[in-house]
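In the text below, chain A, chain B and the rest are named by the order of the sequence lines, each starting its count at 1. As a basis for the values below, the full set of heavy atoms in this structure was taken, side chains included, without hydrogen atoms, waters or symmetry mates.
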Amino acid sequence: MEPFAPRWRGVFGFWRRPKMENQSDHESRLHRIRHSAAHVMAQAVLEQFPEGKLGIGPPIQDGFYYDFDLPRPLTPADLETIKTRMQEIIQEDHPFELQDVSPEEARRLNADQPYKLELIDKLAAGEVDEDDEPMEEEVIISTYRHGTFRDLCRGPHVASTGELDPDAIHLLSTAGAYWRGDESRPMLQRIYGTAWETPGELQVHLERLEEARKRDHRRLGKQLELFSLEPDLLGGGLVLWHPKGGMLRYLAESFCKEEHIKAGYDLVYSPHIGRAALWETSGHLDFYRESMYSPMDVDGQDYYVRPMNCPFHILIYNSRRRSYRELPLRLAEWGTVYRYERPGVLHGLLRVRGFTQDDAHHICSPEQMPEEISFVLDFCLHILRSFGFEDLTAYLSTMPEKRVGEKPQWDAAQIALQEVLEKSGLEYKVDEGAGAFYGPKIDLNIRDALNREWQCSTIQFDFNLPERFDMEYMGEDGQPHRPYMIHRAILGSLERFLGILIEFYGGAFPVWLAPVQVVLIPITDKQLNYCWEISKKLKAAGLRVEVDDARDRMGNKIRKAQEQKTPYMLIVGKREVEAGAVSVRLRTGEDLKARPVDEFLAMPQSVIEARSKELIL
RNA sequence: GCCUACAUAGCUCAGCUGGUAGAGCACGCCCUUGGUAAGGGCGAGGUCAUGGGUUCAAAUCCCAUUGUAGGCUCCA
């Protein structure tokens, strides 16, 4: 089971294609602007580094980049210089000129550009397209020229550099990037930029980036005291959940577990380590070793910390003879696993080395399989929607070259997966050949604050482990049969899911998930006793309540509760005590004025009941 | 792992080209008992990530290590 797989696709643009993708006019104009900005930037860079070599420079979402092989690392000051020169080039208003060239001509024009020559060779040979897949049609090599700069390019561009708005372009950062994305090739310097039609649009985009930084779960995790990472003392990628984050996690977990039980899952528990023999049988030591931690010696035997839960669940299944009458069996566990991840890939809660999966294994007969798939996708969507996630991207990964299992099995499984996706109405993409060697799968991705996609849910067939562990059930015919096994995780990794949840809500959780739902704020400490009294009452009604008894002014207490994004602030002064009321202030800033305590109590209760994002229903 | 940048108080950060550290918040104590996002005073708190080196002198310059950030690659 593999819950991780952010998807990034490089765009590789240097030849013309007969058909344009379906883009709105605005998008396609932005596309041309960004592509043109990349060329203008490349000219500016080459002027500063005449010996520089060009990689590729495509438009991307929100902007563009260009890769260069330069004699020295770029500094932030270089970016300033480059940007200034870009503005000049724009003002010089050079027209973009398209010219089709023969491969020979293209080679002659790029004689001192080794990376471009490599592209021309590939292109001339008609070998591959941008996804390294065989070309379907004959390509026409084309170049675009503006001023002194000519680049191999399929376009399209704006008519002239003067069409760009120099104040709507900004260079964001530099980064290393392998040539053609290949770890064994040279690392080039990439400059990322963003470009828009107007300075106003650029401004909005920069503000959006700033907003995203404020929603960053690492920042909010500290501010809201949800979790911490202590790489120096504890180790990288290992998470400490603090009381507030612990409550959030408990709430998410207990909600999910109840739903699992209602839906017909059995909850199981299994240990964190197992003997080498287990991992040999499962094949992990052969295929997954580089992600596993070194064994520990126990009485002369090797034991491994688990990177996955599946073998344990299979042992539970195999502990006795199974009948077709007990299928489908749905074994679920919040299983903590540990995987070695390369140091450079760790990222807050989103990519860690120790995490807990809401893992389950469905074991069913081949006949039950389509219905089981349908059930599991529905259940998945039910859970994700309960947390407020509606914007999901689904991927169907199909049969790869190297695989186990027979083609008919794969076909049946893929058809079942595709059918439930169709039925669900989700938009999905098919990733041909991207399935694991042991079976096809559906992944559901959600986005973080910076619009990066992260995989959460995964529904995977496994034709491998049932064989390896010789799983069987007794059929109606009195003969042993091999069951189908489906792995699935819905939240995926609790750590990652909560990280995304934090960003999704910017820390202002729905009331049912808020670690603290109500803060009582006395205006003077003469109201403290009354506050404690109310607090007791609200707690008895099941709310999570705090009394701010600090020696501080009310204004500052409100400010702090606001910063903690506490949904309800109850302000209590002399008037409220006399009236047996509380003054209700919402974290939205709305002041609901004084209300009887019982009237207030009904407010969060109905909101929690509905798991609503609102504070009042 | 690779490229680049960064690492100073619990947090956010200042400290120009070398002369043994500073602010705000948070924390503690005191005064203030105040009606919807910061009342005032005092105090405590740092081997400037770690280890080397250069120098009369290093938070500052150089090297290494560790970690973090943004990317790249990876994530059967």
- Taking atom P in both C2(B) and U65(B), what distance in whole Å separates the two? 9 Å
Is any side-chain N or O of Glu576(A) under 3.5 Å from a base N or O of G35(B), one able to act as donor and the other as acceptor? yes
Practice problem: Check whether the side chain of Arg351(A) and the base of C75(B) form a donor-acceptor pair under 3.5 Å. | Solution: yes
Result for 5'-nearest mapping on RNA chain B, choosing between Ala177(A) and Lys526(A), is Lys526(A)
Of the listed A76(B), G39(B), G71(B), the closest approach to the Tyr192(A) side chain comes from G71(B)
Looking at Asp431(A) and Lys429(A), does any basic side-chain N land under 4.0 Å from a carboxylate oxygen? no
Point to revise | Aromatic Phe600(A) / basic Arg595(A) pairing, under 6.0 angstrom, 45° off normal | key: no
If we ignore hydrogens and angles and just use 3.5 Å, is the side chain of Lys441(A) paired with the main-chain N or O of Phe461(A) as donor and acceptor? no
Check: Taking N and O atoms by type only, does the side chain of Tyr178(A) place a donor or acceptor under 3.5 Å from a partner on the base of G71(B)?
Finding: no
- Query: Are Lys557(A) and G35(B) close enough that a side-chain N or O sits under 4.0 Å from OP1 or OP2?
  - Reply: no
Fill in: hbond_proxy Asp232(A) side chain to U66(B) base (donor-acceptor, 3.5 Å cutoff)
no
Review point. With rounding to whole Å, what would you report as the distance between A69(B) and A57(B) at their P atoms?
Key: 37 Å
Q) At under 4.0 Å between heavy atoms, what does Ala175(A) touch on the DNA or RNA strands: base, sugar-phosphate, or nothing? A) base
Against the side chain of Asn556(A), the closest entry in G39(B), G67(B), A76(B) is G39(B)
Atom OH of Tyr340(A) and atom P of C74(B) are separated, to the nearest Å, by 16 Å
Partner of A38(B) under the Watson-Crick or G-U wobble criteria, both distances under 3.5 Å, comes out as none
- Pick base, sugar-phosphate or nothing for Arg585(A), based on heavy-atom distances below 4.0 Å to the nucleic acid. base
Review point. Between the base of U33(B) and the side chain of Arg553(A), is there any donor-acceptor pair under 3.5 Å?
Key: no
Leu350(A) CG to G71(B) P, in whole Å, measures 12 Å
Picking from U33(B), U12(B), A26(B), the nucleotide nearest the side-chain atoms of Arg551(A) would be U33(B)
Margin query: Do the side chains of Arg488(A) and Asp359(A) get close enough for a salt bridge, i.e. N-O under 4.0 angstrom?
Written below: no
Between Phe437(A) and Pro73(A), whichever has its closest RNA chain B nucleotide further toward 5' is Pro73(A)
* Quote, to the nearest angstrom, the C1' distance that separates U8(B) from G24(B). => 15 Å
Subject >> Span that lies between the C1' atom of U12(B) and that of G46(B), in whole angstrom >> reply: 16 Å
_C1'-based separation of A9(B) from C48(B) [nearest Å]_ = 10 Å
For a quick check, tell me whether the side chain of Ser173(A) and the base of U4(B) share a donor-acceptor pair closer than 3.5 Å. no
(message) Categorize Lys402(A) for me: base, sugar-phosphate, or nothing, with a 4.0 angstrom heavy-atom threshold over every strand shown.
(response) nothing
- P spacing across the pair C16(B) / A7(B), given as an integer number of angstrom: 12 Å
Item checked: Donor-acceptor pair present, Arg559(A) side chain and U36(B) base, under 3.5 Å -> no
From the candidates G1(B), G35(B), U36(B), the one with an atom nearest any side-chain atom of Pro343(A) is G1(B)
Here the distance between atom C1' of C75(B) and atom CD of Gln460(A), to the nearest Å, is 12 Å
To the nearest angstrom, the CG-P distance between Leu570(A) and U36(B) comes to 16 Å
As its Watson-Crick or G-U partner within any shown strand, both distances under 3.5 Å, C61(B) has G53(B)
- How is Gly181(A) classified with respect to the nucleic acid when contacts are heavy atoms under 4.0 Å: base, sugar-phosphate, or nothing? sugar-phosphate
Among the nucleotides A76(B), C72(B), G39(B), whichever has the atom closest to the side chain of Phe287(A) is A76(B)
Pairing partner of C27(B), by Watson-Crick or G-U wobble and under 3.5 Å for both distances, is G43(B)
Checklist entry - Between the side-chain atoms of His347(A) and the base atoms of A69(B), is any donor-acceptor pair under 3.5 Å? => result no
From NZ of Lys565(A) across to C1' of A37(B) the rounded distance in Å is 12 Å
Problem set entry | Inter-nucleotide C1' distance (G34(B), G19(B)), Å rounded | 49 Å
In whole angstroms, the gap separating P of A38(B) from CE of Met554(A) amounts to 9 Å
| task | Can you tell me, in whole Å, how much space there is between the C1' of G45(B) and that of G39(B)? | result | 24 Å
Applying the 3.5 Å cut-off to both distances, the Watson-Crick or G-U partner of U68(B) turns out to be A5(B)
Report yes if a side-chain nitrogen or oxygen of Arg190(A) is closer than 4.0 Å to either non-bridging phosphate oxygen (OP1 or OP2) of G70(B); otherwise report no. no
Review point. Should Gln564(A) and Thr566(A) be marked as a side-chain hydrogen bond (donor to acceptor under 3.5 Å, both in side chains) after you check the CA-CA gap, both sets of side-chain angles, and the distance that decides it?
Key: CA-CA 5 Å; Gln564(A) 290 299 306; Thr566(A) 312; over 6 Å; no
Closest of G35(B), U4(B), U33(B) to the Asp525(A) side chain is U33(B)
Check: How about Phe463(A) and Glu467(A): do any of their side-chain heavy atoms sit closer than 4.5 Å?
Finding: no
For Leu202(A) and Ile169(A), the nearest pair of non-hydrogen atoms, with its separation, is CD2-N, 3.9 Å
From CA spacing to verdict: side-chain hydrogen bond (donor to acceptor under 3.5 Å, both in side chains), Tyr304(A), Arg289(A)
CA-CA 10 Å; Tyr304(A) 286 85; Arg289(A) 185 170 226 137; 3.1 Å; yes
Lys/Arg N to Asp/Glu carboxylate O, Arg218(A) vs Asp216(A), below 4.0 Å | yes
pair_partner(G18(B)), Watson-Crick or wobble, both distances < 3.5 Å, evaluates to none
Start with the C-alpha gap between Gln455(A) and Tyr395(A), add the side-chain angles, then the distance that decides, and say whether side-chain hydrogen bond (donor to acceptor under 3.5 Å, both in side chains) holds. CA-CA 10 Å; Gln455(A) 182 186 318; Tyr395(A) 293 89; over 6 Å; no
In whole angstroms, the gap separating C1' of G70(B) from CD of Gln189(A) amounts to 14 Å
**Request:** Select base, sugar-phosphate, or nothing to describe what Ser583(A) touches, counting heavy atoms under 4.0 Å on all strands.
**Result:** base
The Watson-Crick or G-U wobble partner of A76(B), with both key distances under 3.5 Å, is none
Q.
Once you apply a heavy-atom cut-off of 4.0 Å, does Gly344(A) come out as touching a base, just sugar-phosphate, or nothing?
A. base
Discussion item. Please determine whether a side-chain nitrogen or oxygen atom of Arg218(A) lies at a distance below 4.0 Å from atom OP1 or OP2 of G70(B).
Written reply: yes
note: Arg342(A), atom CZ; G71(B), atom C1'; distance rounded to Å ~ 14 Å
With the side chain defined as heavy atoms from C-beta on, Val345(A) is closest, among G70(B), C74(B), U33(B), to C74(B)
